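Below is one structure, written out as structure tokens; the observations come after it.
All values derive from a computational prediction rather than experimental measurement.
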Amino acid sequence: MNSFRALVLEKQDEEVTAKVRTLRIDDLPEGDLLVKVAYSSVNYKDALACKTGSNIVRSYPFVPGIDLAGVVVSCENGRYRAGEEVLITGYGLGVSHYGGYSEYARVPSEWAVKLPEGLTMKAAMALGTAGFTAALSLYELERDGLRPDKGSMLVTGASGGVGSIAVAIASRLGYEVTASSGKADMGDYLLGLGATRVVSREEIVSQSSAPLGKQLWAGAIDCVGGKTLASIIASLNYGGAVAASGMTGGIDLPTSVYPFILRGVRLIGIDSVMADMEKRLRVWELLAGRYKLDKLDAMSEVIELEQVAAYTKRMLEGDSRKRMVVKI
């Protein structure tokens with residue numbers, strides 16, 4: 001434990017490089033929980049962190065990785081016992097606080113979630129922040145009253161991490177899911193996850209350019225934002241709701257108040273970074289139970305720490321399909 005491997009970002013002449021280095025425990029930031037990391041995962045934010053000019057990371061050297069699952073080595077306040085398995089997503093992990101691409105991590109104990117019974121550490125990281133966001137989106141929609149018998153569900157950005165897991169979970173629960181993707185070659189994959197049909201992003205946007213369009217969806221999980229989200233809002237059934245977690249389609253929302261006051265629709269913002277602990281525990285329990293997927297192995301691949309930097313470049317180029325679990 002005196003020395004260990006970690007993927008370290010360094011910045012020189014404005015260029016960011018990512019290489020596996022040897023660190024010591026004293027190099028880790030402050031925290032009352034020390035974890036021996038078993039697995040992490042690769043998310044879009046991780047890819048941006050490794051990219052020159054992204055401004056996700058503000059100080060260097062730095063260890064990225066916004067997810068981790070591992071075994072407790074020590075906990076100063078006694079919240080966790082040595083040997084317990086925990087997972088951590090969100091907060092400052094991998095953004096302002098050294099993250100999961102490291103054999104050891106030291107973090108505030110209040111960030112950790114005890115691994116729920118029914119999930120392995122590997123499965124938890126096949127889900128990671130993306131899976132947690134997808135499950136949180138569905139959880140909020142169901143709290144709002146959405147049920148399979150209310151009508152069809154739309155998932156946009158369905159070929160991404162959040163979208164693909166949302167498709168798989170919703171389909172497993174009996175929802176009739178339409179998956180929308182900007183990648184034309186992902187149709188068979190999304191149908192294999194349980195989608196009833198697959199449509200292009202352009203088709204969703206073109207469905208309604210007016211403030212109110214034809215009522216098509218009882219609920220929606222939107223990972224895109226922009227004009228896509230505006231079109232969804234205009235196409236929701238009376239009393240429908242959309243859970244929004246993405247902005248790859250832009251931050252502007254060209255809509256009006258009509259859908260909200262004439263159809264009573266709701267826009268639910270999804271933040272997986274600072275979600276309160278009570279909600280975190282509930283959602284991870286669902287992912288280990290009612291939302292549990294039997295398709296995680298087919299949806300994910302395992303890579304080594306040394307492969308992360310190369311994979312993040314592929315992700316930024318749009319050349320990524322499955323969830324990448326990083327074996328630490």
Side-chain angles (χ1 to χ4, degrees), residues 1-31 33-73 85-108 111-112 121-122 124-132 161 273 300-328:
M1 192 172 75
N2 289 331
S3 62
F4 56 89
R5 297 178 310 133
L7 184 71
V8 179
L9 301 180
E10 295 178 335
K11 188 175 184 181
Q12 186 172 9
D13 298 329
E14 299 303 315
E15 182 179 357
V16 175
T17 58
K19 295 183 179 180
V20 176
R21 306 286 193 191
T22 298
L23 299 183
R24 299 178 65 84
I25 292 297
D26 290 344
D27 295 322
L28 295 175
E30 292 184 0
L33 179 66
L34 181 63
V35 178
K36 187 178 191 304
V37 182
Y39 294 96
S40 184
S41 67
V42 184
N43 298 275
Y44 193 71
K45 187 179 284 188
D46 299 315
L48 288 176
C50 296
K51 179 179 181 292
T52 297
S54 69
N55 295 321
I56 293 292
V57 174
R58 300 301 176 89
S59 63
Y60 299 88
F62 189 78
V63 176
I66 65 172
D67 298 336
L68 70 82
V71 179
V72 172
V73 176
E85 296 179 346
V86 296
L87 65 91
I88 302 167
T89 66
Y91 301 105
L93 190 72
V95 176
S96 59
H97 191 100
Y98 278 20
Y101 297 158
S102 174
E103 292 181 330
Y104 287 89
R106 188 160 54 196
V107 298
W111 290 3
M121 291 188 288
K122 180 184 175 184
M125 290 297 96
L127 293 163
T129 289
F132 176 72
V273 175
S300 60
E301 293 181 12
V302 178
I303 60 175
E304 302 291 332
L305 187 61
E306 288 80 4
Q307 297 173 275
V308 170
Y311 184 78
T312 60
K313 293 179 181 178
R314 286 177 51 194
M315 179 175 276
L316 292 173
E317 293 168 356
D319 182 23
S320 61
R321 295 294 183 269
K322 297 184 177 182
R323 287 282 296 158
M324 285 295 161
V325 178
V326 184
K327 184 178 180 181
I328 305 296

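One finds the NZ atom of K45 at 11.0 Å from the OG atom of S54 (value rounded to the nearest 0.5 Å). The structure places NZ of K122 at 6.5 Å from OG of S300, a figure rounded to the nearest 0.5 Å. Taken from CE in M315 to SG in C50, the straight-line distance is 10.5 Å, to the nearest 0.5 Å. Distance check, rounded to the nearest 0.5 Å: CD of Q307 to CZ of R314 gives 9.5 Å. Here the OG-CG distance, from S40 to L87, works out to 11.5 Å after rounding to the nearest 0.5 Å. Atom CD1 in I328 sits 8.5 Å away from atom CG in L7 (nearest 0.5 Å).
Under the ring-ring contact (aromatic ring centres under 6.0 Å, His included) criterion, Y311 pairs with no residue, sequence neighbours left out. Considering only residues two or more places apart in sequence or on other chains, E301 meets the side-chain hydrogen bond (donor to acceptor under 3.5 Å, both in side chains) condition with none of them. Considering only residues two or more places apart in sequence or on other chains, Y91 meets the side-chain contact (heavy atoms from CB on, under 4.5 Å) condition with W111, M274, M277, R280. Residues that satisfy the side-chain contact (heavy atoms from CB on, under 4.5 Å) test with E317, not counting sequence neighbours, are absent from this structure.
A side chain to side chain contact (heavy atoms under 4.5 Å, CB included) with V308 is found for exactly one of D46, V20, I303, namely I303.
Within the 4.5 Å cutoff, no side-chain heavy atoms of I25 are placed close to those of N2. With a 4.5 Å cut-off on side-chain heavy atoms, V42 and Y101 count as touching. Using a 4.5 Å cut-off on side-chain heavy atoms (C-beta onward), P108 and H97 make contact.
Sorted by first and then second residue, the salt bridge (Lys or Arg N to Asp or Glu O under 4.0 Å) pairs with a member in residues 92-108 read R5-E103; sequence neighbours excluded.
Between A130 and G161, the shortest heavy-atom contact is CB-C, 3.7 Å. Pairing each heavy atom of A112 with each of L33, the nearest pair is CB-CD2, 3.7 Å. Between G100 and V37, the shortest heavy-atom contact is O-CG1, 3.7 Å. Considering every non-hydrogen atom in both Y104 and K36, the closest pair reads OH-CE, 3.6 Å. Closest heavy-atom contact between M121 and A38: CE-CB, 3.8 Å. Across every non-hydrogen atom of T89 and G128, the tightest pair is CG2-C, 4.3 Å.
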Test side-chain contact (heavy atoms from CB on, under 4.5 Å) on L34 and L28; report intermediate values, then the result. CA-CA 10 Å; L34 181 63; L28 295 175; 4.1 Å; yes
Please determine whether side-chain contact (heavy atoms from CB on, under 4.5 Å) holds for the pair V326 and E304, giving the CA-CA distance in whole Å, both sets of side-chain angles, and the decisive distance to 0.1 Å. CA-CA 6 Å; V326 184; E304 302 291 332; over 6 Å; no
Please test V8 against E10 for side-chain contact (heavy atoms from CB on, under 4.5 Å), starting from the C-alpha separation and ending with a verdict. CA-CA 6 Å; V8 179; E10 295 178 335; 4.0 Å; yes
Just list the side-chain donor-acceptor pairs under 3.5 Å for residues 55-72, sequence neighbours left out, or say none.
unit_1 : atom_1 : unit_2 : atom_2 : d
R58    : NE     : N55    : O      : 2.9
Y60    : OH     : V57    : O      : 3.4
D67    : OD1    : T129   : N      : 3.3
D67    : OD1    : T129   : OG1    : 2.4
D67    : OD2    : S41    : OG     : 2.6
D67    : OD2    : N43    : ND2    : 2.8
D67    : OD2    : T129   : N      : 2.9

